[in-house]
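Notes to accompany the following structure.
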Amino acid sequence: MVELHDRKKPAKWPDLIGRCIVSLLLVLLTQSTQFLVPHFFSDLSFFIQLLLSAVMLLTVASAAGWCRRLIRIRSSAPAFVFFSVLFVWLVYIAVVRQDASLLMNLLFNGQIILLIFGLCRMLLSDPGLVSHSPSPSDAIPQSSVLEIDTHHQDIGLGDRLRCCPICKTYVKGFDHHCPAFGNCIGHKNYVLFMVLLFGFIWTEATYITCSSQYSAVSELLDGDGARLEVNFSRKVARSTMLFSILQLVWQVAFFSWHIYCICFNIRTDEWIHWKRYPEFQIVVQSEQGQRSSEMKFRNPYDKGILQNVKEFMVSKQ
């Protein structure tokens, strides 16, 4: 019988507040370094500025990791995401919305509010935690190789019990542990995860559209008295737009990967660690006269794209 471990104990309030403060400082540092790109390299092409922004972002991430190892100061990934959303929202309210239409104002503000609500829901959601010790028939051994007939076989979700290496607990339909959302992604919150990820993509696309429109309009202003203020506002809008584009790139790639996983009924953990799970293994015997055999990947959960998508849509039930 597999022994279950409890989820990580919630951090104490002083530690939680300290990690949130570190996350806020990290967001301010990140956005400050992003501002340096349009401030010092405004004459370069937009593509070069985007590459420089990516370098700045990686530099800050590396420095943050170095500080964490050296002086043991940790940040909170969900808090970093939350404060980043708030920062972009404040820039929109203070700068970008001046040249946005009423419809775009309503749309973007509504998107931000829904994002914050979705983040809170995801942080508190149950991914499908198992509250009892699974029986030997439910527990999945992570060693040995089985040769399984793939025909006329219906494997249920109960057979997909996986252990999260971060939380040290068993989750039904476990996909991965998401540091940005502070929770495991599993059977019960996979749909919420995809909706929230799409919400981030849509919101960032909206902000990129509005900020690029603001930058184009601000370049036409010629008033000498307002030139310094306009230039500063344009650089802030440009830096947050570069940051949003970089976020959009990896989020679209991540979203596309999960669309693939949904269509073929495979989880990220299963794809990476398929050799741990016997139901994904099939032994192919070599030709006659040879004693060696080869282990290959097979997906016993793939029931066709339409059925897989249907199973995903009702996975919360």
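The two residues Ala237 and Val96 make their nearest non-hydrogen contact at CB-CG2, 4.2 Å. Considering every non-hydrogen atom in both Val22 and Ser75, the closest pair reads CG1-CB, 3.8 Å. The heavy-atom pair separating Val236 from Ser239 by the smallest distance is O-OG, 2.9 Å. Closest heavy-atom contact between Val27 and Ser84: CG2-OG, 3.6 Å. In terms of heavy-atom proximity, Pro38 sits nearest to Arg238 at CB-CG, 3.8 Å. Considering all non-hydrogen atoms of both residues, Pro127 and Val171 come closest at O-CG1, 3.6 Å.
Using a 4.5 Å heavy-atom cutoff, the side chains of Gln281 and Arg298 are not in contact. Under the 4.5 Å side-chain criterion, counting only non-hydrogen atoms from C-beta, Ile305 is not in contact with Asn265. Counting heavy atoms from C-beta outward, Ile48 and Ser45 have side chains that approach closer than 4.5 Å. Residues Asp126 and Leu129 have side chains in contact (heavy-atom distance under 4.5 Å, counting atoms from C-beta outward). In this structure the side chain of Asn308 never reaches within 4.5 angstrom of the side chain of Ile262, judged on heavy atoms. Counting heavy atoms from C-beta outward, Phe193 and His258 have side chains that approach closer than 4.5 Å. With a 4.5 Å cut-off on side-chain heavy atoms, Arg162 and Glu270 count as touching. Looking at Ser125 and Asn183, their side chains come closer than 4.5 Å, going by heavy atoms from C-beta outward.
Pairs passing the ring pair (Phe, Tyr, Trp, His ring centres under 6.0 Å) check and including a residue from residues 24-45, sequence neighbours excluded, read Phe35-His39, Phe35-Phe232. Residues in residues 84-120 take part in these ring pair (Phe, Tyr, Trp, His ring centres under 6.0 Å) pairs, two or more places apart or across chains: Tyr92-Phe108, Phe108-Tyr207.
Here the side chain of Gln34 pairs no donor or acceptor atom with the backbone of Leu242 at under 3.5 angstrom. Without hydrogens or angle criteria, Gln213 side chain to Asp99 main chain gives a donor-acceptor distance under 3.5 Å. At least one donor-acceptor pair closer than 3.5 Å links the side chain of Ser212 to the backbone N or O of Thr209.
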Side-chain atoms of residues 76-83: list all donor-acceptor pairs with protein atoms under 3.5 Å, sequence neighbours left out, distances to 0.1 Å.
{"unit_1": "Ser76", "atom_1": "OG", "unit_2": "Ala79", "atom_2": "N", "d": "3.4"}

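Hydrophobic clustering of Ile, Leu, Val, Met, Phe, Trp and Tyr side chains at less than 4.5 Å, counting indirect connections, keeps Leu114 apart from Leu86. No chain of hydrophobic side-chain contacts below 4.5 Å, direct or via other Ile, Leu, Val, Met, Phe, Trp or Tyr residues, connects Val37 to Val55. Following chains of ILVMFWY side-chain contacts shorter than 4.5 Å, one cannot reach Leu106 starting from Tyr214, and the two form parts of different hydrophobic clusters. Hydrophobic clustering places Leu29 together with Leu57 (ILVMFWY residues linked when any side-chain heavy atoms are closer than 4.5 Å, directly or through intermediates). Residue Leu52 is not grouped with residue Leu58 when hydrophobic side chains (ILVMFWY) are merged at heavy-atom distances under 4.5 angstrom, including chains of intermediate members.
Under the side-chain contact (heavy atoms from CB on, under 4.5 Å) criterion, Ile201 pairs with Leu248, Gln251, Val252, Phe255, sequence neighbours left out. With sequence neighbours left out, Trp257 forms a ring pair (Phe, Tyr, Trp, His ring centres under 6.0 Å) with Tyr260, Trp271. In terms of the side-chain hydrogen bond (donor to acceptor under 3.5 Å, both in side chains) criterion, residue partners of Thr206 (sequence neighbours excluded) are, by chain and number, Gln111. Shown here are the side-chain hydrogen bond (donor to acceptor under 3.5 Å, both in side chains) partners of Trp250, two or more places apart in sequence or in another chain: Gln247. For Ala94, there are no side-chain contact (heavy atoms from CB on, under 4.5 Å) partners two or more places apart in sequence or in a different chain. Take His176 and apply the side-chain hydrogen bond (donor to acceptor under 3.5 Å, both in side chains) test, not counting sequence neighbours, and it matches no residue. By the side-chain hydrogen bond (donor to acceptor under 3.5 Å, both in side chains) test, Asp269 pairs with His273, Tyr277, sequence neighbours left out. For Ser101, the side-chain contact (heavy atoms from CB on, under 4.5 Å) partners at least two apart in sequence or on another chain are Leu103, Met104. Scored by the side-chain contact (heavy atoms from CB on, under 4.5 Å) test, Asn299 finds Ile266, Phe280, Phe297, Tyr301, Asp302 as partners (sequence neighbours excluded).
Counting non-hydrogen atoms of other residues, nucleotides and ligands closer than 6.0 Å to CH2 of Trp274 gives a total above 12. In this structure, Leu306 places its CG atom where only 12 or fewer heavy-atom neighbours from other residues, nucleotides or ligands lie under 6.0 Å away.
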Worked check of side chain to side chain contact (heavy atoms under 4.5 Å, CB included) between Met241 and Phe46: CA-CA 11 Å; Met241 179 175 65; Phe46 182 81; 3.7 Å; yes
Residues His187, Phe174; criterion ring-ring contact (aromatic ring centres under 6.0 Å, His included); working and verdict: CA-CA 7 Å; His187 164 58; Phe174 175 73; over 10 Å; no
Trace of the side chain to side chain contact (heavy atoms under 4.5 Å, CB included) decision for Met313 with Lys310: CA-CA 5 Å; Met313 296 302 295; Lys310 180 181 178 181; 5.8 Å; no
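Ile185 contributes atom CD1, which lies 8.5 Å from atom NE2 of His177 (distance to the nearest 0.5 angstrom). Atoms SG and CE, from Cys261 and Met194 in turn, are 9.0 Å apart once rounded to the nearest 0.5 Å. Here Met56 contributes atom CE and Leu51 contributes atom CG; the two are 12.5 Å apart, rounded to the nearest 0.5 Å. Going from atom CG of Leu123 over to atom CG of Asn189 covers 11.0 Å, rounded to the nearest 0.5 Å. Between atom CG of residue Leu90 and atom CD of residue Gln31 there is a gap of 11.0 Å, rounded to the nearest 0.5 Å. Atom CD of Gln49 and atom CG of Asp43 lie 9.0 Å apart (nearest 0.5 Å).
With respect to the salt-bridge test (charged N to carboxylate O, under 4.0 angstrom), the residues Arg160 and Glu279 do not qualify. Salt bridge Arg267/Asp175: absent, no basic N to carboxylate O contact under 4.0 Å.
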